[in-house]
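All heavy atoms count here, side chains included; hydrogens, waters and symmetry mates do not. The first residue of the sequence shown is numbered 1, and numbering continues consecutively from there. All of these numbers come straight from a predicted model, not from anything done at the bench.
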Amino acid sequence: MEFKLDQEQKTDLQNYVCGLIKDSLKKAASPQQPYLNRVEIAKYFGVAPSTITYWASLGMPVAIIDGRKLYGKQSITKWIQSKEKPFLRQPRKRKRYLDNYNI
């Protein structure tokens, strides 16, 4: 497969890739934040911010400092792990197609 790009598209693609690399390097170089705000912690766990609010109502740990809510990555991970249970699949009832014919 071959792609043909004009000069403007090449420049845009190069700028985009360079931006991604710079962002990744910044994140890797900056010290890890153990506590995040609601939006950041939602992104970290791959859920919606409203899910974080719901989980907090279920007892998920939240640190409140001067009215600001902070969410610890480790404490939330432990809280989620405490909720783990073995998944036991219930056998499905199969519909018998002959039932429709009164046989």
Q | Nearest atoms (heavy-atom pairs only) where I64 meets K69 | A | CG1-CG, 4.0 Å
Q: From the options E8, Q9, Q14, select the one residue that forms a side chain to side chain contact (heavy atoms under 4.5 Å, CB included) with D12.
A: E8
Q) Quick one: do M60 and Y44 end up in the same hydrophobic cluster if we chain Ile, Leu, Val, Met, Phe, Trp and Tyr together by side-chain heavy atoms under 4.5 Å apart? A) yes
Q: Hey, could you give me each pair passing side chain to side chain donor-acceptor pair (under 3.5 Å) that has a residue in residues 70-79? Not counting sequence neighbours.
A: none
Q. Which pair of heavy atoms, one from I76 and one from P61, lies closest together, and at what distance?
A. CG1-O, 4.1 Å
Q. So if you build clusters from Ile, Leu, Val, Met, Phe, Trp, Tyr with side-chain heavy-atom gaps below 4.5 Å, do I80 and L58 land together?
A. yes
Q | Within one Ile-Leu-Val-Met-Phe-Trp-Tyr cluster: F45 and L70, side-chain cutoff 4.5 Å | A | no
(Q) According to a hydrophobic-cluster definition based on side-chain heavy atoms being under 4.5 Å apart (Ile, Leu, Val, Met, Phe, Trp, Tyr only), do I52 and Y54 belong together? (A) yes
Q: Quick one: closest heavy-atom pair of K10 and L5, and the distance?
A: CE-O, 3.5 Å
Q) Are there more than 12 heavy atoms of other residues, nucleotides or ligands under 6.0 Å from atom OH of Y35? A) no
Q: Please name all residues satisfying side chain to side chain donor-acceptor pair (under 3.5 Å) with T51, sequence neighbours left out, ordered by chain then number.
A: none
(Q) Looking at E2 and K4, is any side-chain nitrogen of the basic one under 4.0 Å from a carboxylate oxygen of the acidic one? (A) yes
